[in-house]
Amino acid sequence: MELEQMDDAISKRIRAMNHRVAQIRQADMYFYNQPISELRGGARVLVDGREMGMFASYSYLGLVGHPRINAAAKEAIDRYGTGTHGVRTLAGSLVIHKQLEETIAAYKDTEAAVTYTSGYVTNLTVVSTLVGRGDYVISDKLNHASIVDGCLMSGAKFLRFNHNDMEALENRLQQAGSEASKLVIADAVFSMDGDVIDFPPLVALCRKYGAWLMVDEAHSVGILGKTGRGIEEHFGMKGAIDVKMGTLSKTIPSVGGYVAGKKEVIEYLRHASRAYIFSAALPPAQAAAAKAAFEVIQEEPWRVEKLRANAQQFIRGLQQRGFDTMKTETAIVPVLCGSDEAAFAMTRAAQKKDVFVLPVVSPAVPPGLSRLRATVTAAHEADEIEHAMDVIHEAGKSVGVL
Ligand SMILES: *Cc1c(COP(=O)(O)O)cnc(C)c1O
């Protein structure tokens with residue numbers, strides 16, 4: 001079967017995407033999928049033989065490569081091996097899984113927690129296990145793709161409200177009516193814009209209308225709250241969320257996802273969510289690394305404080321240089337460029353100067369709002385951040401964004 005000669009919808013779809021990618025490559029504007037060959041300490045990495053400052057990392061507290069976390073992973077391999085005996089429900093459960101889930105529950109101040117092999121899968125399986133036909137699921141329009149996919153997969157009536165618009169949410173809750181079960185879902189920190197959900201009214205509305213509240217804390221754990229515990233700590237509203245979802249692949253330098261909440265909810269998910277029952281358990285090294293990371297965060301509280309200071313320096317500095325950083329309040333800092341081409345050109349100019357940033361373009365963000373999506377971490381030093389901002393400033397001027 002020669003793909004070039006086929007003109008069915010599947011072949012056309014493949015050709016259209018590959019054509020777009022080839023064009024961007026040809027213009028020397030393609031910066032996705034670049035492999036890192038080595039960690040170089042701090043926030044520095046080796047890419048294609050060049051040492052670069054990493055400004056696109058999700059390792060917000062700088063924990064990738066932390067010696068104690070690496071040691072925990074190695075020890076777990078010696079004790080348990082590299083895989084498990086299958087799914088959690090059958091022979092795949094290990095003591096390290098139980099210890100990790102207890103650690104997460106304690107850190108998130110809930111009764112219990114359950115883990116899955118990725119954050120993406122966690123959202124798919126948890127949303128579609130909690131709601132189904134006849135129920136309503138109500139989601140912020142800028143929620144992560146994994147939430148959207150979970151909502152679609154659930155078969156529940158899927159209502160979306162304008163981003164962070166609490167009046168729009170109230171309309172949706174009224175639309176769903178008082179009879180049906182309702183689940184409201186929002187990101188705590190939005191992954192493309194770095195802004196924070198308007199949490200107090202969100203919680204109040206869920207209570208008023210008897211809706212369940214699920215919050216995705218992928219970008220808020222380690223970031224929001226005095227000790228990095230997330231959005232409840234940030235707003236001083238302990239116990240406000242029914243279903244606290246998070247990932248083990250960002251601030252926590254491992255892979256996997258979790259949900260923390262009341263023990264009845266977790267017990268239900270362990271016996272009803274398909275990703276738990278039909279997909280293999282987290283590998284022991286990753287479970288042990290994740291558990292050690294939660295401990296390191298608590299033993300090294302300076303990391304959360306340093307991240308906050310670094311984010312402030314980065315946001316203010318970019319604004320002072322004339323950039324539009326949208327509504328970010330966190331370590332995710334969009335640098336608005338406008339067109340896809342401008343975002344690609346900015347990326348190229350910055351990467352040529354060894355500042356590793358990446359572009360986000362449509363359809364991940366609305367057309368015309370393409371951007372660099374830069375991040376800072378606790379691993380950056382103040383002078384590295386200044387330097388990166390100078391490089392981005394120069395890039396902005398040369399590309400015509402400023
Ligand atoms: C990254 C992310 C996920 C998915 O987590 P993975 O562990 O990478 O699969 C889910 N939700 C949000 C908001 C994210 O940013």
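Worth knowing before you read on, the calculation uses all heavy atoms, side chains too, and leaves out hydrogens, waters and symmetry mates. Both counts, for ligands and for their atoms, begin at 1 and track the order of listing.
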Undergrad: Within 45° of the six-membered ring axis of Tyr30 and under 6.0 Å from that ring's centre, is NZ or CZ of Arg25 located there?
TA: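 The answer is yes; both the distance and angle limits are met.
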Undergrad: Is any side-chain heavy atom of Phe323 closer than 4.5 Å to one of Val333?
TA: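 Contact flag for Val333/Phe323 side chains = no.
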Undergrad: Taking C-beta and beyond as the side chain, do Arg348 and Asp28 meet within less than 4.5 Å on heavy atoms?
TA: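 Contact flag for Arg348/Asp28 side chains = yes.
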Undergrad: Write out the protein residues near ligand 1, meaning a non-hydrogen atom under 4.0 Å from one of its atoms, in order of chain and number.
TA: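 For ligand 1, the residues that come within the 4.0 Å heavy-atom cutoff are Ser118, Gly119, Tyr120, Asn123, His144, Ser146, Asp187, Ser191, Asp216, Ala218, His219, Thr247, Ser249, Lys250, Gly256.
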Undergrad: Per the side-chain hydrogen bond (donor to acceptor under 3.5 Å, both in side chains) rule, what does the pair list look like for residues 218-232, sequence neighbours excluded?
TA: Tyr60-His219, Glu217-Ser220, Thr227-Arg229, Thr227-Glu233, Arg229-Gln298, Glu232-Lys244
Undergrad: Specify the closest pair of heavy atoms between Ala112 and Thr110, including all atoms of both residues, with the distance to one decimal.
TA: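 Distance-wise, the nearest heavy atoms are O-OG1, 3.2 Å.
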Undergrad: Counting only heavy atoms not in Glu264, do more than 12 fall under 6.0 Å of its CD?
TA: yes
